[in-house]
**Student:** 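Let me give you the structure first, and then I'll get to my questions.
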Amino acid sequence: MMLMLSLSASAQRSGRTGDPTLNRGEGLEKTRADLSQMRTQSQNKNSRQVDVYMFATSFSLLDSVLFISDIQKLDDVTVNNKWFLKERAGFEEQFNEHVGADVDESLMSSVYFSEKEKKMVKRRAKLIKRNAKKNRFALIQVTDFKFTNIVSEE
């Protein structure tokens with residue numbers, strides 16, 4: 001009995017009733033916008049400018065074609081938390097425009113990157129081998145494409 005009394009007494013805060021449980025909506029002090037801003041600030045704090053090796057792929061399920069670029073080195077690219085490329089969508093858009101994607105065409109793109117060139121060479125070779133082996137897509141290697149660095153707006 002002694003233990004029970006001491007726990008309930010320590011669980012109470014000033015101005016609260018004897019019931020230590022939270023009522024619905026109680027304890028929520030931050031809005032979604034506040035949480036989103038905190039996440040962005042945390043990502044910006046953990047972001048760094050690094051040189052990366054990257055390549056892009058783009059495919060359409062409608063015509064079974066896989067476009068794949070050569071591996072390129074880009075200087076001073078912003079990476080958040082070691083594995084999120086900050087301007088990923090912009091790089092994907094550049095590649096889609098280069099391969100001639102129309103606005104209504106449904107191309108799905110991916111950008112692969114790493115600070116180590118050897119890792120990207122292996123990843124690209126594995127991707128080509130897997131898709132050639134299973135004949136999922138007609139493979140088109142895009143050799144004349146160059147990424148341009150995107151200036152982030154901060």
Side-chain angles (χ1 to χ4, degrees), residues 10-11 13 16 19-154:
S10 66
R13 290 186 224 144
R16 287 191 52 102
D19 183 13
T21 60
L22 292 176
N23 295 326
R24 185 180 199 122
E26 201 174 22
L28 302 175
E29 299 172 1
K30 299 199 183 312
T31 64
R32 282 187 191 255
D34 292 339
L35 294 174
S36 177
Q37 182 181 11
M38 286 172 53
R39 184 176 57 85
T40 304
Q41 286 173 348
S42 173
Q43 284 180 348
N44 289 341
K45 183 178 75 173
N46 295 330
S47 69
R48 57 194 181 110
Q49 298 290 110
V50 294
D51 298 344
V52 295
Y53 295 91
M54 63 192 307
F55 71 93
T57 62
S58 188
F59 67 93
S60 173
L61 296 173
L62 300 176
D63 60 1
S64 301
V65 175
L66 173 69
F67 298 97
I68 188 165
S69 73
D70 288 335
I71 298 171
Q72 300 170 33
K73 182 180 180 184
L74 263 73
D75 299 329
D76 297 327
V77 176
T78 305
V79 177
N80 293 336
N81 298 330
K82 296 182 183 177
W83 55 79
F84 292 112
L85 190 63
K86 186 169 185 170
E87 306 298 341
R88 178 193 53 80
F91 291 124
E92 289 174 353
E93 205 173 291
Q94 287 177 14
F95 188 65
N96 280 345
E97 287 175 8
H98 182 77
V99 296
D102 296 329
V103 175
D104 60 338
E105 191 173 356
S106 60
L107 282 178
M108 299 176 70
S109 300
S110 292
V111 173
Y112 299 87
F113 74 97
S114 176
E115 293 180 46
K116 299 178 182 174
E117 184 178 20
K118 188 175 182 179
K119 186 175 181 179
M120 284 296 92
V121 170
K122 280 184 175 180
R123 182 113 188 214
R124 187 175 182 274
K126 184 178 176 182
L127 190 71
I128 290 171
K129 182 179 178 182
R130 183 177 63 212
N131 286 298
K133 186 177 184 180
K134 294 186 178 182
N135 292 326
R136 291 182 181 169
F137 299 100
L139 185 67
I140 298 176
Q141 296 193 30
V142 181
T143 57
D144 58 344
F145 171 70
K146 294 287 181 202
F147 287 110
T148 55
N149 226 342
I150 299 172
V151 179
S152 63
E153 300 125 13
E154 288 188 33

**Student:** First locate atom NZ of K116, then atom NZ of K122, and finally report the distance between them rounded to the nearest 0.5 Å.
**Tutor:** 10.5 Å

**Student:** Scan side-chain atoms only and decide if D70 and T143 contain a donor-acceptor pair under the 3.5 Å cut-off.
**Tutor:** no

**Student:** As a quick check of understanding, evaluate side-chain contact (heavy atoms from CB on, under 4.5 Å) for L127 and F55, giving each step before the final call.
**Tutor:** CA-CA 11 Å; L127 190 71; F55 71 93; 4.1 Å; yes

**Student:** Taking the six-membered ring for Trp and the single ring otherwise, decide whether the centroids of F59 and F67 are under 6.0 Å apart.
**Tutor:** no

**Student:** Taking C-beta and beyond as the side chain, do F113 and V79 meet within less than 4.5 Å on heavy atoms?
**Tutor:** yes

**Student:** So, do F147 and F145 have ring centers that fall under 6.0 Å from each other?
**Tutor:** yes

**Student:** What's the spacing between E92 CD and T57 OG1 if we round to 0.5 Å?
**Tutor:** 8.0 Å

**Student:** Does the side chain of K73 reach to within under 4.5 Å of the side chain of V52, using non-hydrogen atoms?
**Tutor:** no

**Student:** Can you confirm whether T148 sits close enough to F91 that some side-chain heavy atom of one is under 4.5 Å from a side-chain heavy atom of the other?
**Tutor:** no

**Student:** Is the shortest heavy-atom distance from the side chain of L74 to the side chain of D51 under 4.5 Å?
**Tutor:** no

**Student:** Side-chain contact test, heavy atoms from C-beta onward, threshold under 4.5 Å: evaluate it for Y112 versus I71 and give yes or no.
**Tutor:** no

**Student:** Tell me, with the steps shown, if V65 and I140 meet side-chain contact (heavy atoms from CB on, under 4.5 Å).
**Tutor:** CA-CA 7 Å; V65 175; I140 298 176; 3.4 Å; yes

**Student:** Quick one: does M54's side chain get under 4.5 Å of M120's, heavy atoms only?
**Tutor:** no

**Student:** Evaluate the side-chain contact (heavy atoms from CB on, under 4.5 Å) criterion for residues Y53 and S114: first the C-alpha distance (whole Å), next the side-chain angles of each, then the deciding distance (0.1 Å), finally the verdict.
**Tutor:** CA-CA 5 Å; Y53 295 91; S114 176; 5.8 Å; no

**Student:** With no hydrogens and no angle check, just 3.5 Å: does a side-chain donor-acceptor pair link E87 and T78?
**Tutor:** no

**Student:** Side chains of I128 and I68: does their closest heavy-atom pair fall under 4.5 Å?
**Tutor:** yes

**Student:** To the nearest 0.5 Å, what is the distance between OG (S109) and CD (Q94)?
**Tutor:** 11.5 Å

**Student:** Atom NE2 of H98 and atom CG of D144: how far apart are they, to the nearest 0.5 Å?
**Tutor:** 3.5 Å

**Student:** Do R124 and Q141 have side-chain heavy atoms sitting under 4.5 Å apart?
**Tutor:** yes

